[in-house]
Each structure stands twice: as structure tokens, then as C-alpha cells.
Amino acid sequence: MRRVVPLLSTRSFLAACCILAAAFAPAGAKEWQVTAGGRNLQDALENAQAGDVLRLAPGTHHGPVVIKKSVTLRGALAARVVGTGTGSVVTVEAPAVTITGLTVTGSGLSQETLDAGIKLTKKARGADIDHNRLLNNLTGIDVHGAKEVRIARNLIEGRQDLRMNERGNGIYVWNAPGLTAEFNTIRHGRDGIFVNTSHKDRFLNNRFEDLRFAIHYMYGNNGEISGNVSVGNDIGFALMFSNGLTIENNLSVRDRNHGLMLNYANHARIVGNRVENGGEKCLFMYNANKNTVEGNRFEGCPIGIHFTAGSADNHFAGNAFIGNQTQVKYVGSRNLDWSENGRGNFWSDLAAFDLNGDGIADSTYRPNDMVDQLLWTQPAAKLLTGSPAVQLLQWTQSQFPSLLPGGIVDSAPLMHAPDFKTPHAGVQG
């Protein structure tokens with residue numbers, strides 16, 4: 001069952017926005033019809049009052065603009081707000097602002113000032129950015145200190161004329177607790193979502209393509225990453241220097257390096273994720289401790305899981321390792337049992353019997369032996385893998401397990417792979 005940890009419920013969020021809007025909205029709020037061209041948008045923003053709705057007509061509305069009142073900008077996607085190629089196109093400096101149905105393009109290219117299609121400053125608490133298209137900006141949406149923001153159902157496409165490391169992020173999040181980003185499609189940027197020093201944020205059901213990292217999470221605690229899809233990126237979900245994350249029901253397909261990467265990420269709950277056909281490793285864990293890894297499917301990678309640098313006290317059970325060239329890579333002297341309460345993991349290369357029919361194999365599974373560890377530390381020894389001496393050593397270890405080095409042991413391997421649900425955002429092709 002999918003465990004959801006709402007950091008701010010939809011009802012609470014809407015209630016908070018209504019309170020904010022009411023606090024800044026005078027009686028007799030009105031609706032403005034803003035025609036395209038000239039200074040019409042700037043003039044409407046200067047004359048509008050808190051609570052007013054500005055309906056932008058189809059056509060080009062000239063930016064950059066700064067929103068200093070709690071208003072709603074509403075278009076039908078045929079309304080375009082176009083910047084001059086300098087700075088951010090739309091900057092929000094008021095609470096409870098809604099921007100919906102617009103195409104926003106034409107930001108500057110300064111990484112120092114994080115030029116963006118939409119920039120939410122610290123004053124933009126409770127902003128709602130919904131159903132927009134943010135095209136060919138350096139950064140799509142920069143959330144810089146604003147709390148309880150919602151970013152939903154936007155298409156964010158970066159600058160394809162720049163090299164990947166020169167591009168900005170689709171959504172940049174800094175010190176923006178309580179943020180929810182859901183059902184967005186992000187592609188052609190540097191990182192899809194980059195989180196830096198922000199806690200209790202939620203990233204749900206987003207789709208990421210043609211990026212460096214789909215989600216790059218640093219120094220953020222107690223957040224949730226659920227139901228997202230990463231396709232063809234360098235790394236799917238890179239989680240660093242963070243504690244207490246929930247990583248649930250995500251899908252990584254054909255990501256070139258790692259599907260999931262944990263670097264100094266501790267006390268995370270990693271459940272129900274699927275990594276398929278990755279270029280290097282399905283899951284890479286570097287000094288990641290006390291994490292729960294359950295009910296995941298790692299399939300078709302050169303390495304299923306590689307963990308190193310002292311990663312300890314991690315709990316693995318109910319996972320499926322299917323068709324990876326090397327199921328597990330771990331060099332260490334300790335024996336680590338990957339089973340919980342008499343239930344281990346499914347290994348596609350395990351040939352075993354289940355005489356009592358309880359679904360648990362009658363023999364212990366060891367993914368690595370002495371030859372594996374020799375090859376990892378001395379790659380040139382691959383030339384000897386077909387020799388009679390090496391084959392004799394492998395057979396001897398299989399007959400006398402006490403000769404095996406320390407490493408991963410599954411004392412209760414599963415005979416059948418658990419069922420896995422497709423993440424909400426879905427992926428085909």
C-alpha cells in the first residue's frame with residue numbers, strides 16, 4: 001500500500017491561500033481584460049487591486065513585469081508573456097498570486113541572478129503556478145524563499161541551443177518549505193528539479209526527459225518524491241545530504257548512469273520504485289545509512305546495486321533483481337543478510353528449490369564470490385575468467401561456503417518476483 005505523508009493537505013493549502021487572498025483583497029475586486037501589445041500588462045498590474053483577475057487576451061504581452069499585489073493572471077495559452085532576454089520575465093513579490101494558462105518565454109541567461117521565466121521571491125508565499133508553458137528560458141521557475149507554493153501541470157522546456165551544463169534548471173527550489181510540484185513535464189534543461197536547503201517539500205507525478213538529473217535533492221529533509229517518471233536522463237533521482245526522505249513508486253527508464261543515487265542520504269524510505277535498462281547502475285549508494293529499501297524492481301542494468309564507502313544498517317527485503325549483469329557489487333569483509341522476518345528478495349539468476357511450497361527458496365543466495373571481488377579490484381584479471389583454475393575456485397566456493405568472502409547474503413530468497421504497480425505519471429516509449 002502506498003504510504004502518503006502529506007506535508008500540507010490540499011484542503012489546508014487552499015484554506016491558507018483563501019486566508020491570504022482575503023487579507024489582501026478589498027471589497028469589490030474586479031476583472032480586467034488585458035489586450036496584447038504595448039504597456040497594457042504593466043499598466044493593468046499597476047492599476048489592479050489585490051484580489052483582481054487579469055485576463056490576458058491572445059497575443060504577445062511584453063515583459064519583464066513585476067507583480068506586487070495578490071492578483072490572478074489568467075490566459076488560454078495563446079497569451080504569451082515575452083521578456084527582452086535580460087533578467088526574469090515575470091517576478092512575483094506578493095502573496096497568494098495565481099498564474100495560469102500563459103506561455104512565458106524570453107528570460108536572460110545569467111546564472112548569477114538565476115534568470116527565470118517565473119521568479120517567486122520570499123514575498124510570494126502561497127503562489128499557485130498552474131497550466132502554463134515556460135519555454136526557452138534559462139530557468140523555468142525559480143522559487144527563492146517562498147513558502148507553501150504549488151506548481152502544477154506546467155510544461156517546462158529549457159534552452160536546447162545551450163550545452164547541458166550551461167542551461168538552468170526546470171524548477172529551482174531554495175528554502176521553500178511546504179512546496180508541492182506535481183504533474184509537470186520538464187525537459188531540455190540541466191536538472192529537472194533542483195532542491196537546495198529546503199525541507200518538507202513534495203514532488204509528485206512529474207515527468208522528466210533529456211536532462212542531467214531528473215530530481216537533484218540536496219540538504220532537504222523529510223520530503224517526498226513519489227510517482228515520478230525519469231526517461232533518458234544521466235541520472236534519475238540523485239538524493240544527497242538529506243535525511244528522512246520518502247522515495248516511492250518512481251520509475252526510471254534508460255537513464256544513462258544511475259536510476260537512483262543516494263549520497264550521504266540517511267533514514268530514507270525507498271519503496272515501490274522501478275529502474276529499468278539503466279546504463280550503469282540501477283541503484284548506487286555511497287555512504288548512505290539506515291535506509292529501508294523494500295518492494296523495488298531493479299532490472300536490466302550492468303549493476304543492480306552498488307554500495308560502498310561504509311553504507312551500513314540498510315534494510316533490504318521484497319525487492320526483485322532481474323537480468324542485471326551483476327546483481328550486487330559490494331566489497332567488504334562483513335556478511336550482510338538482506339532479508340527481514342524470514343523474507344528476502346527475488347534474484348533472477350538463483351537456481352533453487354522450494355520443497356515445502358512456502359515461496360522461499362531452500363538455499364541461501366550469495367550474489368558475489370571471491371572471483372568477483374578480485375575482478376573489481378584487479379580488472380586485468382578478467383583475462384583469466386575462463387581458465388580452469390578460476391572455474392575450480394568458483395566451484396570450490398560453491399561447495400564450501402565458509403571459503404566465501406564477506407558480502408551480501410540473502411538467507412530467505414523469494415522464488416517469485418513480487419508484483420509492481422506502474423507509477424502514476426506512466427511512461428511509454
Open item on the list: What I'd like to find out is whether the side chain of Phe316 reaches to under 4.5 Å of the side chain of Ile408, using heavy atoms alone.
Closed with: no
Task: Lys/Arg N to Asp/Glu carboxylate O, Lys119 vs Asp142, below 4.0 Å - done: yes
TODO: Could you label the plane-to-plane angle of the Tyr172 and Phe194 rings as parallel, tilted or perpendicular, counting under 30° as parallel and over 60° as perpendicular?
DONE: tilted
Open item on the list: If we ignore hydrogens and angles and just use 3.5 Å, is the side chain of Asp52 paired with the main-chain N or O of Ala29 as donor and acceptor?
Closed with: no
- [ ] Locate the shortest heavy-atom distance separating Ala146 from Ala124; write the atom from each residue and the value.
- [x] CB-O, 3.7 Å
TODO: Could you tell me whether Asp191 and Arg212 have a side-chain N and a carboxylate O separated by less than 4.0 Å?
DONE: yes
- [ ] Kindly say whether Leu179 contributes a backbone atom to a donor-acceptor pair with the side chain of Asp201 at under 3.5 angstrom?
- [x] yes
Open item on the list: Other residues, nucleotides and ligands only: do more than 12 of their heavy atoms fall within 6.0 Å of NZ on Lys69?
Closed with: yes
Task: Residue pair Gly278 / Cys301: nearest heavy atoms and the distance that separates them - done: N-SG, 3.4 Å
TODO: Mark yes or no for whether Glu276, through its side chain, and Leu251, through its backbone, hold a donor-acceptor pair below 3.5 Å.
DONE: no
Open item on the list: Do Asn257 and Glu280 make a side-chain contact, defined as non-hydrogen atoms from C-beta onward lying under 4.5 Å apart?
Closed with: yes
Task: Polar side-chain atom of Glu340 near backbone of Ala317 as donor-acceptor pair, under 3.5 Å - done: no
Open item on the list: For Arg202, is there an ion pair with Glu182 - N to carboxylate O distance below 4.0 angstrom?
Closed with: no
Task: Least distance between heavy atoms, Val82 atom then Arg80 atom - done: CG2-NH1, 3.6 Å
Open item on the list: Walk me through whether Val231 and Arg254 qualify under side chain to side chain contact (heavy atoms under 4.5 Å, CB included).
Closed with: CA-CA 6 Å; Val231 181; Arg254 300 186 301 278; 3.5 Å; yes
Task: Donor-acceptor contact present, side-chain Ser107 to main-chain Leu138, <3.5 Å - done: yes
Task: From Phe213 atom CZ to Asp234 atom CG, the distance as rounded to the nearest 0.5 Å - done: 7.5 Å
Task: Point-to-point distance, once rounded to the nearest 0.5 Å, from CH2 of Trp338 to OH of Tyr330 - done: 10.0 Å
Open item on the list: Less than 4.0 angstrom from a charged side-chain N to a carboxylate O is my criterion; do Asp128 and Arg150 meet it?
Closed with: yes
Open item on the list: Check this for me: does any side-chain nitrogen of one of Glu46 and Arg39 sit under 4.0 Å from a carboxylate oxygen of the other?
Closed with: yes
Task: Derivation and outcome, side chain to side chain contact (heavy atoms under 4.5 Å, CB included), residues Asn137 and Asp115 - done: CA-CA 8 Å; Asn137 302 291; Asp115 293 347; over 6 Å; no
Open item on the list: If I take atom CD from residue Glu248 and atom CD1 from residue Ile270, how far apart are they, to the nearest 0.5 angstrom?
Closed with: 11.5 Å
Open item on the list: Please check this pair: side chain of Gln111 against backbone of Arg167, looking for a donor-acceptor N/O pair closer than 3.5 Å.
Closed with: yes
Open item on the list: Is any side-chain heavy atom of Ile305 closer than 4.5 Å to one of Leu283?
Closed with: yes
Open item on the list: Any side-chain to backbone donor/acceptor pair from Asn221 onto Asn243? Under 3.5 Å, distance only.
Closed with: yes
Open item on the list: Once you measure the plane-to-plane angle for Trp347 and Tyr365, does it fall in the parallel (<30°), tilted (30-60°) or perpendicular (>60°) bin?
Closed with: parallel
Task: Close side-chain approach of Arg343 and Leu414, heavy atoms under 4.5 Å - done: yes
Open item on the list: Counting C-beta onward and ignoring hydrogens, is there a side-chain heavy-atom pair between Pro177 and Asn175 closer than 4.5 Å?
Closed with: yes
TODO: Please list, chain by chain and in numerical order, all residues satisfying side-chain hydrogen bond (donor to acceptor under 3.5 Å, both in side chains) with Asn291, sequence neighbours excluded.
DONE: Asn314
TODO: Give the C-alpha distance, both sets of side-chain angles, the deciding distance and a yes or no for side chain to side chain contact (heavy atoms under 4.5 Å, CB included) between Leu155 and Arg187.
DONE: CA-CA 8 Å; Leu155 171 63; Arg187 50 184 176 242; 3.8 Å; yes
Task: Asn345 versus Gly318, closest heavy-atom pair with distance - done: OD1-N, 3.3 Å
Open item on the list: Restricting to non-hydrogen atoms, name the atom on Ala320 and the atom on Ala417 that form the minimum distance, rounded to 0.1 Å.
Closed with: CB-CB, 4.1 Å
Task: Interatomic spacing from CG in Asp255 to CG in Asn233 - rounded to 0.5 Å - done: 5.0 Å
TODO: Please report the C-alpha distance between Val81 and Leu56 in whole Å, then the side-chain angles of each, then the deciding distance to 0.1 Å, and finally whether the side chain to side chain contact (heavy atoms under 4.5 Å, CB included) criterion is met.
DONE: CA-CA 9 Å; Val81 182; Leu56 278 61; 4.0 Å; yes
Open item on the list: Counting C-beta onward and ignoring hydrogens, is there a side-chain heavy-atom pair between Phe237 and Asn273 closer than 4.5 Å?
Closed with: no
Open item on the list: If we ignore hydrogens and angles and just use 3.5 Å, is the side chain of Asn228 paired with the main-chain N or O of Asn250 as donor and acceptor?
Closed with: no
Task: Pair Asn184, Asn206: side-chain N/O donor-acceptor within cut-off below 3.5 Å - done: yes
Open item on the list: For the CE atom of Met240 and the NE2 atom of His216, what is their distance to the nearest 0.5 Å?
Closed with: 4.0 Å
TODO: Output yes when a side-chain donor or acceptor of Asn249 lies under 3.5 Å from a complementary backbone atom of Ser226, and no otherwise.
DONE: no
Open item on the list: Checking the side chain of Asp410 only, and the main-chain atoms of Ala412 only, is there a donor and an acceptor separated by less than 3.5 Å?
Closed with: yes
- [ ] Grab the two heavy atoms, one from Val71 and one from Gln49, that are nearest each other, plus how far apart they are.
- [x] CG1-O, 3.5 Å
Task: Among Tyr286, Phe284, Phe298, the one residue meeting ring-ring contact (aromatic ring centres under 6.0 Å, His included) with His258 - done: Phe284
List the atom pairs, with distances to 0.1 Å, where a side-chain N or O of residues 89-103 and a protein N or O form a donor-acceptor pair under 3.5 Å, not counting sequence neighbours.
{"unit_1": "Thr100", "atom_1": "OG1", "unit_2": "Asp130", "atom_2": "O", "d": "3.0"}
{"unit_1": "Thr103", "atom_1": "OG1", "unit_2": "Leu77", "atom_2": "O", "d": "3.0"}
{"unit_1": "Thr103", "atom_1": "OG1", "unit_2": "Arg133", "atom_2": "NE", "d": "3.2"}
{"unit_1": "Thr103", "atom_1": "OG1", "unit_2": "Arg133", "atom_2": "NH2", "d": "3.3"}

Task: Atom CG of Asp161 with >12 non-hydrogen neighbours under 6.0 angstrom - done: yes
Open item on the list: Under a 3.5 Å cutoff, is there a donor and acceptor pairing between the side chains of Ser411 and Asp337?
Closed with: yes
Task: Close side-chain approach of Val229 to Val253, heavy-atom, < 4.5 Å - done: no
Task: Close side-chain approach of Gln327 to Ser348, heavy-atom, < 4.5 Å - done: yes
Open item on the list: By the definition side-chain contact (heavy atoms from CB on, under 4.5 Å), identify the one residue from Thr246, Leu239, Ile193 that meets it with Ile225.
Closed with: Leu239
Open item on the list: As an exercise, state the distance from CG of Leu134 to CG of Asn154, rounded to the nearest 0.5 Å.
Closed with: 6.0 Å
TODO: Could you walk me through whether Thr105 and Asn136 pass side chain to side chain donor-acceptor pair (under 3.5 Å), step by step?
DONE: CA-CA 6 Å; Thr105 187; Asn136 297 314; 4.6 Å; no
